[in-house]
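Below, read A as the first sequence line, B as the second, and so on, with proteins coming before strands; counting in each chain starts at 1. On a predicted model such as this, the values are computed, not experimentally measured, just so you know.
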Amino acid sequence: MTLRLYDTATRDERDFAPLTPGRVGIYLCGPTVQGSPHVGHLRAAVAFDVLQRWLERSGYQVTLVRNVTDIDDKTLVKAAEAGDDWWAWALRHEREFQAAYAAVGVKPPAAEPRATGHIPEIVALIARLVENGHAYAHEGSVYFDVRSFAEYGALTRQALDALSPATDSPSEDKRDPHDFALWKARKDDEPTTASWDSPWGPGRPGWHIECSAMSQRYLGDEFDIHGGGLDLRFPHHENEQAQSRAAGYGFARLWMHSAWVTQSGAKMSKSLGNGLLVSEVLAAHEPAALRLALAAVHYRSMLEYTPSTLDEASAQWARFQGFVARASEKVGAPSLEDVAAAALPDAFVEAMDDDLAVSRALAVIHETVRAGNAALTAGDDAAVAAALMSARAMLGVLGLDPAAPEWAAEKAGASDAAMSALDFLVQADIAARAAARAAKDWGTADAIRDRLAGAGIVIADAADGARWSLASEG
RNA sequence: GGUGGAGUGGCCGAGAGGCGAGGCAGCGGCCUGCAAAGCCGUAUACGUGGGUUCGAAUCCCAUCUCCACCUCCA
């Protein structure tokens, strides 16, 4: 079985074959930290986190680099408007992004390079482009000469003459309106902290060059996969590829792009309101439910976000969690090592190998959980154990194993000590209720249950006694 | 204008010539003192008009609608 991935550049799926056997290098365009993260940002991160997990599960050693664009026009403008230093503004939002990624279980990347930390690499790359005739300096700025590079437009099939002009700098400074800035000369109204020395004078990097420079530093002249959101295809990725290839490097061998989160069919953006900021969504829903909602739709399909999206995901998450909890109680919880080594159902593997068809993979998980629940009812412990192992292994690939460390202690964020204290108190109520039920005193039994429910504690009766759990958030 | 994507049942979403993925919600049942959870069963479908075919949501032609990138964007 071979993993097949869709390549944006060729617009078809093909067998994935890494540059170096057994190893995969991925460069992912991370956030421009000029604002707070919203759900759409997380979708891209989750999509590539699932890719990383699937590659790792398939036996590859993955090096995923996700950059941070910590300086750009907008960061400078927004920080200035807020009366803040741009670097403090950027770092504050970078921390918000990191917290959001961690909340939904996105693995930390192998490297998280910042543009401002790689000025020497950027300058060297620009100098190389100037030397070989693909870039030119003008009044302290340097531009990429798109007409000098025949391949320009290859990634996204753009014909230069049909494009609107690039507006990242005044067009009168450029040989061709589509030329874009590699180095931007310092402007008088910009803070001196936003400028670095270069052979062309003080200034700062253009938007696209950082990714060319940083991917090369961490992943080499050529690497396996370059990822990012759909909106980055043009001009960002097109320009990255042009720079790197014009400089003589192989650059990305495969391009993957994740689609939007939409509302009523339209791309989510800040102008639609901030109800979709990660911080607000997580105030009302469990992080795992958000991850599930974002991962459930194929990464190249638009994900329609409706008011019930998170409720549905929460219901599914509760189903997974419930089965894992009940099954583990019955047959014991396998170790993480055993789960990681467990066999995966063929249908699941086929789905994941088919360009990460998570929706289909999820269907297999649901079928496994249903069989496991049935086995639980039937008292077939062997079948329960098999379903538990299989379900956790599959959920783990999606980063959603309820018993994995990132989620195991999630419930209300309560500490072990607090939970054990609460258990002590609730057990007294459960005992009292059991006595009332034995006496068929339903009024008392229901009153106890209602009182606990009022405190956010859910009681569920079973043949071998009652269990309690904290009500799900949201 | 250039480039690309999408229209599937109440909702979210897979699929891509022939046994109606899966989930959520609904309905009926089992279980339960009642619930919850779980299990079993179940209705409603492929934008529109033509065509090809024994057979089309899936192929072809036409058409309508929506979305995105080309300006910062996951």
Can you pull every protein N or O that's under 3.5 Å from an N or O on nucleotides 8-10 of chain B?
none

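- In this structure, A:Arg43 and A:Ala363 both approach RNA chain B, and ranking their closest nucleotides by distance from the 5' end singles out A:Ala363.
- Among the nucleotides B:C72, B:G13, B:C11, the one closest to the side chain of A:Ser308 is B:C11.
- Side-chain contact annotation: A:Thr75 with A:Asp72, donor-acceptor N/O pair under 3.5 Å present.
- Within 4.0 Å of A:Ala44, counting heavy atoms only, lie sugar-phosphate atoms of the nucleic acid but no base atom.
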Which atom pairs, donor and acceptor, lie under 3.5 Å between side-chain atoms of residues 372-387 of chain A and protein residues at least two apart or in another chain?
| from | atom 1 | to | atom 2 | distance (Å) |
| --- | --- | --- | --- | --- |
| A:Asn373 | OD1 | A:Arg326 | NH2 | 2.9 |
| A:Asn373 | ND2 | A:Val369 | O | 3.4 |
| A:Thr377 | OG1 | A:Asn373 | O | 3.1 |
| A:Asp380 | OD1 | A:Ala382 | N | 3.4 |
| A:Asp380 | OD1 | A:Ala383 | N | 3.2 |
| A:Asp381 | OD1 | A:Lys330 | NZ | 2.7 |

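- Judged by a 6.0 Å distance limit and a 45° cone about the ring axis, A:Arg66 is not positioned over the six-membered ring of A:Phe48.
- Comparing A:Glu304 and A:Ala159 along RNA chain B, the residue whose closest nucleotide (by nearest heavy atom) sits nearer the 5' end is A:Ala159.
- At a threshold of 4.0 angstrom between heavy atoms, the contacts of A:Leu303 are confined to the sugar-phosphate backbone, with no base atom among them.
- Aromatic rings from A:Phe251 and A:His226 are positioned such that their centres are separated by under 6.0 Å.
- Remark: P of B:U71 and NZ of A:Lys74 are 14 Å apart, rounded to the nearest angstrom.
- For the segment residues 430-440 of chain A, residues with any heavy atom less than 4.0 angstrom from an atom of RNA chain B are, sorted by number, A:Arg433, A:Arg437.
- Note on residues 354-399 of chain A: pairs passing ring pair (Phe, Tyr, Trp, His ring centres under 6.0 Å), not counting sequence neighbours, are A:Phe320-A:His366.
- A:Met268 places its CE atom 13 Å from the P atom of B:A74, with the value rounded to the nearest Å.
- Distances shown here put a side-chain N or O of A:His41 below 4.0 Å from the OP1 or OP2 atom of B:A74.
- Taking atom C1' in both B:A36 and B:C31, the straight-line distance is 12 Å, to the nearest Å.
- Interatomic distance, A:Met256 CE to A:Leu254 CG, rounded to the nearest 0.5 Å: 6.5 Å.
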Detail all sub-3.5 Å separations between protein N/O atoms and N/O atoms belonging to nucleotides 36-38 of chain B.
| from | atom 1 | to | atom 2 | distance (Å) |
| --- | --- | --- | --- | --- |
| B:A36 | N1 | A:Asp461 | O | 3.4 |
| B:A37 | O2' | A:Arg326 | NH1 | 3.0 |
| B:G38 | O3' | A:Asn373 | ND2 | 3.1 |

Query raised in the report: So what does the secondary structure string of RNA chain B come out as, 5' to 3', with Watson-Crick or wobble pairs under 3.5 angstrom, [ ] for crossing and | for pairs with another strand?
Result: (((((((..(((.....[...))).(((((.......)))))....(((((..]....))))))))))))....

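- Residue A:Val261 is classed as a base contact, given a heavy-atom separation below 4.0 Å to a base.
- For the C1' atom pair drawn from B:G15 and B:G22, the interatomic distance equals 11 Å after rounding to whole Å.
- Distance CG (A:Asp72) to P (B:A74): 10 Å, rounded to an integer number of Å.
- A donor-acceptor pair under 3.5 Å links the side-chain atoms of A:Arg291 to the main chain of A:Val104, judged by distance alone.
- The base of B:G33 sits within donor-acceptor range of the side chain of A:Asp446, with an N or O pair under 3.5 Å.
- Qualifying side-chain hydrogen bond (donor to acceptor under 3.5 Å, both in side chains) partners for A:Thr193, counting only residues two or more places apart in sequence or in other chains: A:Trp86.
- At whole-Å resolution of the value, CD in A:Gln263 and P in B:A6 are 21 Å apart.
- If you measure from atom CG of A:Leu292 to atom C1' of B:G22, you get 12 Å, rounded to the nearest angstrom.
- To the nearest 0.5 Å, atom CZ of residue A:Phe323 and atom CZ of residue A:Arg370 are 12.0 Å apart.
- Contact check on A:Asp84 versus A:Lys78 returns no salt bridge, with no Lys/Arg side-chain nitrogen under 4.0 Å from an Asp/Glu carboxylate oxygen.
- Relative ring orientation between A:His208 and A:His236 is described as tilted, the plane-to-plane angle lying within the 30° to 60° band.
- In this structure, the side-chain hydrogen bond (donor to acceptor under 3.5 Å, both in side chains) partners of A:Thr69, at least two apart in sequence or on a different chain, are A:Asn67, A:Glu210.
- Residue-to-nucleotide contacts include a donor-acceptor pair under 3.5 Å from the side chain of A:Arg449 to the base of B:C34.
- Nucleotides B:A62 and B:A25 are separated by 38 Å at their C1' atoms, to the nearest Å.
- A distance of about 8 Å separates the C1' atoms of B:G26 and B:G10, rounded to the whole Å.
- Side chains of A:His118 and A:Tyr218: a donor on one and an acceptor on the other come within 3.5 Å.
- Between A:Asp461 and A:Arg433, at least one side-chain N (NZ, or NE/NH1/NH2) sits under 4.0 Å from a carboxylate O, which counts as a salt bridge.
- Remark: the A:Thr156 side chain and the A:Glu238 side chain contain an N/O donor-acceptor pair separated by less than 3.5 Å.
- Taking atom P on both nucleotides, B:A6 is separated from B:G47 by 13 Å, rounded to a whole Å.
- As a whole-Å value, the separation of A:Gln34 CD from B:A74 C1' is 12 Å.
- Backbone-only contact: A:His298 has heavy atoms under 4.0 Å from sugar-phosphate atoms and none from a base.
- Among the atoms of the strands shown, none is found under 4.0 Å from any heavy atom of A:Thr309.
- The side-chain hydrogen bond (donor to acceptor under 3.5 Å, both in side chains) search around A:Asp161 returns A:Arg147, not counting sequence neighbours.
- Here, B:C40 and B:U48 have their P atoms 34 Å apart, quoted to the whole Å.
- Using a 4.0 Å heavy-atom cutoff across all strands shown, A:Ala293 reaches no nucleic acid atom at all.
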Produce the list of close N/O pairs, under 3.5 Å, pairing protein atoms with atoms of nucleotides 65-69 of chain B; give distances to one decimal.
| from | atom 1 | to | atom 2 | distance (Å) |
| --- | --- | --- | --- | --- |
| B:C69 | OP1 | A:Lys267 | NZ | 2.8 |
| B:C69 | O2' | A:Phe234 | O | 2.9 |

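- Protein atom CG of A:Asp311 is 14 Å distant from nucleotide atom P of B:C12, rounded to whole Å.
- Residues meeting the side-chain hydrogen bond (donor to acceptor under 3.5 Å, both in side chains) test with A:Ser195, sequence neighbours left out: none.
- Comparing the P positions of B:G17 and B:C39 gives an interatomic distance of 32 Å, to the nearest angstrom.
- A sub-4.0 Å separation between OP1 or OP2 of B:G15 and a side-chain N or O of A:Arg360 is present.
- The OH-C1' distance, from A:Tyr27 to B:A74, rounds to 14 Å in whole Å.
- Taking the six-membered ring where tryptophan is involved, the planes of A:Tyr152 and A:Phe144 are tilted, since the angle between them lies from 30° to 60°.
- Partners of A:Arg95 under the salt bridge (Lys or Arg N to Asp or Glu O under 4.0 Å) rule, at least two apart in sequence or in another chain, do not exist in this structure.
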